[in-house]
Amino acid sequence: MLRPHKNLCRFINALNHDQFLHCTRSASSYQYNHRNHGEKENVPKDGNEEPQLYFYKSRGQHILTNPRILGSIVRKSAIRPTDTVLEIGPGTGNLTLKLLEASQKVIAIEIDKRMVEVLHRRVAENKFEDRICVIREDALKCEFPPFDLVVANIPYGISSPLVAKLVYGAIPFRSATLLLQKEFARRLLANPGDSEYNRLAVNVKLVADVEHVMDVSKRDFVPCPKVDSSVVIIRPKKEVPEVNLEEWRAFTRTCFGKKNKTLGATFKQKRMLMALMNSNSESFNGRGVEEEGCSSSSEKGFNLFKEKIIEVLKSGKFEDKRPAKLCNLKLLHLLALFNQAGIYFRDGSELQDAERSALADDAYGSELED
């Protein structure tokens with residue numbers, strides 16, 4: 001007879017729900033599908049058995065089962081009895097129940113209807129129905145209701161856009177305690193000069209401080225992921241530099257497409273310069289340039305624009321600097337120099353296409369599992 005794996009035993013203890021114990025009584029009866037991207041229904045083996053609960057690795061469904069880690073996350077979050085906590089991706093509710101014990105209310109956003117059903121049952125068993133609001137929607141697409149802080153085990157695949165949505169969103173909050181893929185957390189914590197330093201860290205640290213709390217072994221999850229995780233706390237800054245945040249993101253996208261390349265080399269690329277000049281056509285008397293078959297007048301305008309870019313870089317001694325070694329203060333200074341020269345960065349599709357073509361992948365992309 002097969003004996004249950006120790007992680008499955010943890011899962012049983014954490015789940016604590018009789019209707020789902022059959023899923024984990026043995027290694028052979030516990031099933032999940034990490035290849036199927038569709039909503040596969042839970043099919044019983046025969047008419048006398050209840051459905052099995054499948055977890056999909058492709059959707060980032062890794063359930064944290066270690067009670068000690070769950071308790072530590074709640075304690076480190078410094079939840080007040082009057083707080084409303086936003087939890088994204090509650091899964092089967094292991095963390096949710098502990099959040100309900102510590103807070104006044106939990107707003108749980110979960111897209112998987114099967115998980116929502118389990119969550120409702122467990123919450124009802126623990127008499128917390130009047131203190132939870134479950135929203136069955138995509139966390140990246142729905143509007144968040146007001147909340148005081150975030151505590152969540154974030155699906156790996158949405159880490160970057162979700163962190164950006166939180167820190168650049170309109171809803172003020174005290175802190176966000178997030179369980180993330182370890183490699184992603186290292187990139188979020190990176191400083192200038194670190195090999196992991198990237199546009200993600202630059203953009204987040206402009207508006208928030210990031211603290212590493214602890215690492216979490218992959219063995220503490222069911223199903224077990226390929227990599228370990230880390231817990232970080234993001235705290236929005238009380239004072240944020242006076243800068244247009246949309247322009248800042250467009251500016252850092254341009255600089256960090258090739259973070260180890262000198263800024264002089266980045267801004268001398270013809271395709272990049274043409275896209276940037278066309279996006280600033282109003283500032284330069286409408287003198288845009290054509291990508292192919294430039295006339296003598298448009299070519300002259302292009303050369304003048306290129307000279308202005310080089311002048312800006314030289315004036316601040318940035319021509320030989322590499323973005324991977326520049327802190328936010330220096331990047332803000334460079335952006336201010338560009339603005340003083342009448343050059344602005346926009347999220348226009350033409351400029352984005354040029355950046356993707358000339359400067360490779362956006363540094364916001366995370367290192368995900370296969």
Side-chain angles (χ1 to χ4, degrees), residues 6-21 23-24 53 55 60-110 112 114-136 139 144-145 147-155 162 166 173-180 185 211-223 225 228-235:
K6 61 181 180 180
N7 274 352
L8 300 181
C9 294
R10 285 180 183 170
F11 178 68
I12 294 171
N13 292 332
L15 189 56
N16 192 25
H17 194 285
D18 291 341
Q19 294 187 11
F20 289 90
L21 286 180
C23 300
T24 55
L53 183 62
F55 297 112
Q61 292 180 342
H62 300 283
I63 309 300
L64 179 62
T65 61
N66 188 323
R68 180 180 62 82
I69 300 297
L70 290 164
S72 295
I73 290 174
V74 173
R75 287 193 299 274
K76 293 291 185 179
S77 299
I79 301 171
R80 300 168 186 168
T82 56
D83 280 337
T84 294
V85 180
L86 176 66
E87 184 186 12
I88 299 163
T92 56
N94 292 346
L95 179 59
T96 312
L97 294 178
K98 292 186 177 294
L99 294 176
L100 286 166
E101 292 173 357
S103 65
Q104 183 178 64
K105 181 180 180 181
V106 170
I107 300 169
I109 301 179
E110 174 60 63
D112 191 328
R114 303 166 308 132
M115 300 297 176
V116 171
E117 291 173 359
V118 177
L119 184 62
H120 277 308
R121 289 170 183 169
R122 297 188 68 196
V123 167
E125 282 186 349
N126 288 272
K127 313 299 182 184
F128 287 134
E129 305 102 304
D130 59 337
R131 290 170 49 199
I132 188 170
C133 172
V134 181
I135 301 174
R136 193 184 154 227
F144 295 154
F147 59 90
D148 297 300
L149 67 167
V150 185
V151 185
N153 173 16
I154 302 298
L162 190 56
L166 288 172
F173 62 96
R174 194 165 72 248
S175 67
T177 305
L178 305 178
L179 182 56
L180 304 164
E211 174 193 351
H212 176 266
V213 176
M214 61 181 170
D215 294 328
V216 180
S217 171
K218 60 186 178 182
R219 294 186 295 274
D220 291 321
F221 295 85
V222 171
D228 292 333
S229 298
S230 294
V231 178
V232 302
I233 298 180
I234 300 175
R235 296 184 178 90

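Since we're looking at a predicted model, the values are computed, not measured. Sequential numbering from 1 along the given sequence is applied to the chain's residues.
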Rounded distance (nearest 0.5 Å) linking atom [atom1] of [X] with atom [atom2] of [Y]:
X	Y	atom1	atom2	result
Arg68	Ile73	CZ	CD1	10.5 Å
Leu100	Leu95	CG	CG	9.5 Å
Ser103	Lys98	OG	NZ	13.0 Å
Gln104	Asp83	CD	CG	8.5 Å
Leu86	Lys105	CG	NZ	11.0 Å
Ile234	Ser175	CD1	OG	9.5 Å

Minimum-distance pair of heavy atoms, taken over all atoms of [X] and [Y]:
X	Y	result
Val232	Ala185	CG1-CB, 3.9 Å
Ala108	Ile132	CB-CD1, 4.4 Å
Asn153	Phe221	ND2-CE2, 4.0 Å
Ile107	Pro145	CD1-CG, 3.6 Å
Thr65	Asn94	CA-ND2, 4.1 Å
Thr96	Pro90	OG1-CB, 3.3 Å

Exercise for the section: For the pair Glu110 and Arg136, evaluate salt bridge (charged side-chain N to carboxylate O under 4.0 Å, His left out) and give the outcome as yes or no after the intermediate values. Expected result: CA-CA 5 Å; Glu110 174 60 63; Arg136 193 184 154 227; over 6 Å; no
Verify, without hydrogens or angle tests, whether [X] (side chain) and [Y] (backbone) share a donor-acceptor contact under 3.5 angstrom.
X	Y	answer
Asp112	Arg114	yes
Ser77	Ile79	no
Arg80	Ala102	no

Handout entry: Set of residues satisfying ring pair (Phe, Tyr, Trp, His ring centres under 6.0 Å) with respect to Phe147, sequence neighbours excluded
Key = Phe173
Exercise for the section: Please examine the side chains of Ile154 and Leu178, heavy atoms only from C-beta on, and report whether any two atoms are closer than 4.5 Å. Expected result: yes
